[in-house]
Protein chains: 2
Amino acid sequence: MPTAKKPRPSIQDVARLAGVSLGTVSNVLNNPDRVRAETVLRVTKAIEQLGFVRNDAARQLKAGRSKTLGMVVLDIANPFFSVLARGAEDAAAQEGYSIILGNSSDDLRRESRYVSLFDEQRVGGIIISPVDAATETVATLRARGTNVVVVDRHIDAAIGCSISVDDFAGGRLAAEHLLSLGRKKLLFVGGPLDFQQVADRLAGATQAVKTFEGTATIEHFKTTALSVLAGREVGDKIAALPKSEWPDAIFAANDLLAVGLLQAFMFKSQVQVPGDIAVIGYDDIAFAEAAIVPLSSIRQPAALLGSTAVELLVEEIESASSHKHRQITYQPELVVRASTSN
Amino acid sequence: MPTAKKPRPSIQDVARLAGVSLGTVSNVLNNPDRVRAETVLRVTKAIEQLGFVRNDAARQLKAGRSKTLGMVVLDIANPFFSVLARGAEDAAAQEGYSIILGNSSDDLRRESRYVSLFDEQRVGGIIISPVDAATETVATLRARGTNVVVVDRHIDAAIGCSISVDDFAGGRLAAEHLLSLGRKKLLFVGGPLDFQQVADRLAGATQAVKTFEGTATIEHFKTTALSVLAGREVGDKIAALPKSEWPDAIFAANDLLAVGLLQAFMFKSQVQVPGDIAVIGYDDIAFAEAAIVPLSSIRQPAALLGSTAVELLVEEIESASSHKHRQITYQPELVVRASTSN
DNA sequence: TTCTTGTATTGAAACGCTTCAATTTATCGA
DNA sequence: TCGATAAATTGAAGCGTTTCAATACAAGAA
């Protein structure tokens, strides 16, 4: 159990030292224009002398509002999400808000925990990059009066705001690009399919293959994670197959998987990329370009996703009566590099 | 200005609906063993029915403690820090705490802002990966009664706890490795030197060169940031020099710089790595191995830094009277890959 | 039935701050 | 100097919850 600490100076201590009322100290903190300069000085000196830091719990309890936004991301170690968080934070600072981050690590329990923590803290609003379908979470939060925006996943605009990228189009783009190289035997690497993003990317790629005027196939190699390690494992398995069974192109559900595949192929086996197998990832994280084989990728505008989420959330907070929920979808972009060149 | 929202149900509403006192609802939330099962059920139903979420500001104001820890990192988009944050978070969860993250983006003002925000929120404690010398910040926080641990930088144990890696040793290791390859014309790329980590890495490398039994030199190319972009810019400048002026080895202050250098050399010029110039980075981020030339690096145990910081902080919080400040320093490790092979 | 003891519940007080109507002070014009 | 007005300050009330001493209730023993 935490041991007792000496009590911190309160606004009352400041008032006493400065010889003014509680209300005047509060005015110095919140409405200094209403206070004579001489009084401001006196109070400010008392604050410094005492090392007073106001208690936000008390402020918030009385004032009933917060300039802090909570954000829950799936995996802070994935550059896609850290760039997204950076974008959000810069936009929040512009609007006079601060973002505090929680990391769910793809774990529904942790996500739930952060969502509850932020709700108890009565943050101004919550931005969620959800582990799974967020419909129920969002509906519950909104019913409770909590502002919420979903990012990197679309939900019905009747329920709440969301910002995402058209992953179906992204998957199609990736597959079309591979087909345009003359590749016929495509493999999609990614999972779990509970992740709507993954399912959409696969669906888009599958459609491209189906509508391709020529013969081509696409298989699916499921993974339990979207990590470098998972990619490496898949790469090892593929490399261990007879060459005649290799795919001639791999569409990885994200860049981390693709990087892992590259590692397995280039370091531990004789698979040539793109000679034997072309590889394309998804996200276009900062390190895709500097990969051992510069990685082609489908670019998602991560920073823009983050900043747009903040803009929508702030609008919802500050203009609740006129705010209309929106589902914003950005288009992904093909970025071609060595891993899929001919 | 935020518009008024319908008031959220309070503990009083729950009490009224369940036909019990405020104190009983509080007991159901906090000490359910003190309440008859039948009463617990009644109250729990009322809570669900009303969608009650207690107000943490009120709880904290009265109870005076928090199970939340604040953490301020330098750059969430740098995998070193995101792995460090992940390590911290896992350790915190083990101890029954939650970590909320703030990102200073190498900006003193932002750091200060998050520190103040967390202090106002009366978090249990603050972990800081500081922008610059944290001595004053830590002393101020501790004088105010705020628990604090510094990570990735050492401060005097008389002031507070810190966890870091011996960057001087790391710098020496890197330079010794380069010298052992027969490289004679070393270049250190990194800055600003306000960053003690950078200064220590340079100092260690400089010492290795000085004590080398043979002729070798080390120059310093200052950068204003530790980013891929900054590394690219330096790489371009070096590549534009006459070949006779190229260094034969580069020690980059971190892996992001090294990745940028690799990009400039391999994509845009004729510099061969390691043939013309060997390149070693620092941090051993997850992508170092998958870089276009697998990058040698000095490994810092990022996750361990994070988890140790939490352990020290929790100890300081929960055992304040017996807690002794410590300065824990981990030893870095050389990881050799293709970028410095012979 | 009464008394004792253990269990369950109650409700007043207070955490630290903001807010705003009431009061005080200062300034200006007649 | 007096009256009116504007500026500055005051201080009571209350935000939502926890805490714990007081009270009520239940069960068992004499």
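Below, read A as the first sequence line, B as the second, and so on, with proteins coming before strands; counting in each chain starts at 1. Values reported hereafter were calculated over all heavy atoms of this structure, with side chains retained and with hydrogens, waters and symmetry mates removed.
The nearest whole Å value for the distance from the CD atom in Gln12(A) to the P atom in dT18(C) is 14 Å. As rounded to whole Å, 15 Å separates atom C1' of dG16(C) from atom CD of Gln121(B). Rounded to a whole Å, the NZ atom of Lys62(B) is 13 Å from the C1' atom of dG11(C). Remark: C1' of dT10(C) and CG of Asn30(B) are 16 Å apart, rounded to the nearest angstrom. Taking atom CD on Gln60(A) and atom C1' on dG14(D), their separation rounds to 16 Å, with Å as the unit. Between the CG atom of Asp33(B) and the P atom of dG6(C) there is a distance of 17 Å, given to the nearest Å. Atoms CG (Asp56(B)) and P (dC15(D)) sit 19 Å apart, rounded to a whole Å. Distance CZ (Arg54(B)) to P (dT18(D)): 5 Å, rounded to an integer number of Å.
Dashed line: the shortest gap from a side-chain N or O of Arg34(A) to OP1 or OP2 of dA6(D) is not under 4.0 Å. For Thr24(B) and dT9(C), the shortest distance from a side-chain N or O to OP1 or OP2 is not below 4.0 Å. Contact check, Arg59(B) against dC15(C): no side-chain N or O comes under 4.0 Å of OP1 or OP2. Distances shown here put a side-chain N or O of Thr39(B) below 4.0 Å from the OP1 or OP2 atom of dT9(C). Phosphate contact (OP1/OP2 of dT18(D), side-chain N/O of Ser26(B), threshold under 4.0 Å): present. For the OP1/OP2 pair of dC15(C) and a distance below 4.0 Å, the side-chain nitrogens and oxygens of Arg8(A) include no atom meeting the criterion.
Closest to the side chain of Leu61(B), from the set dG16(C), dT18(C), dT10(C), is dG16(C). Which of dT9(D), dG16(C), dT17(D) sits closest to the side chain of Arg36(A) comes down to dT9(D). Closest to the Ser21(A) side chain, of the nucleotides dT10(C), dT10(D), dT18(C), is dT10(D). Listed nucleotides: dT19(D), dG16(D), dT19(C). Nearest to the side chain of Asn55(B): dG16(D). Nearest to the side-chain atoms of Asn27(A) among the listed nucleotides dT18(D), dT18(C), dT9(D) stands dT9(D).
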Next item on the list: Quick one: do Glu120(A) and Arg59(B) satisfy salt bridge (charged side-chain N to carboxylate O under 4.0 Å, His left out)? Show the steps, please.
Entry: CA-CA 9 Å; Glu120(A) 284 188 3; Arg59(B) 188 201 61 75; 5.3 Å; no
Check: Can you check salt bridge (charged side-chain N to carboxylate O under 4.0 Å, His left out) on Arg86(B) and Asp75(A), steps first, answer last?
Finding: CA-CA 9 Å; Arg86(B) 280 281 299 268; Asp75(A) 178 16; 2.7 Å; yes
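Among the atoms of the strands shown, none is found under 4.0 Å from any heavy atom of Val25(B).
Checking side-chain atoms of Ser82(B) against main-chain N and O of Pro79(B) turns up a donor-acceptor pair under 3.5 Å. Side chain of Glu95(A) to main chain of Val310(A): no donor-acceptor pair is present (N/O by atom type, distance under 3.5 Å, no hydrogens or angles).
Mapped onto DNA chain C by nearest heavy atom, Gly23(A) and Leu22(B) fall at different nucleotides, with Leu22(B) at the one closer to the 5' end. With the nearest nucleotide of DNA chain C identified for both Asn31(A) and Gly19(B), Gly19(B) has the one nearer the 5' end.
Defining each end axis of the helix from dT1(C)-dA30(D) to dA30(C)-dT1(D) as the rotation carrying four pairs' C1' atoms onto the next four, with five pairs an end, the two axes are found to diverge by 50° to 10 degrees.
In this model, no donor atom of one side chain and acceptor atom of the other lie less than 3.5 Å apart for Thr140(B) and Thr137(B). Inspection of the Thr146(B) and Arg8(A) side chains reveals an N or O donor paired with an N or O acceptor under 3.5 Å.
Under the side chain to side chain contact (heavy atoms under 4.5 Å, CB included) rule, Leu312(A) has a single partner from Asn147(A), Val150(A), Val149(A), which is Val149(A).
Counting all heavy atoms, side chain and backbone alike, Ser104(B) lies closest to Val131(B) at OG-CG2, 3.7 Å.
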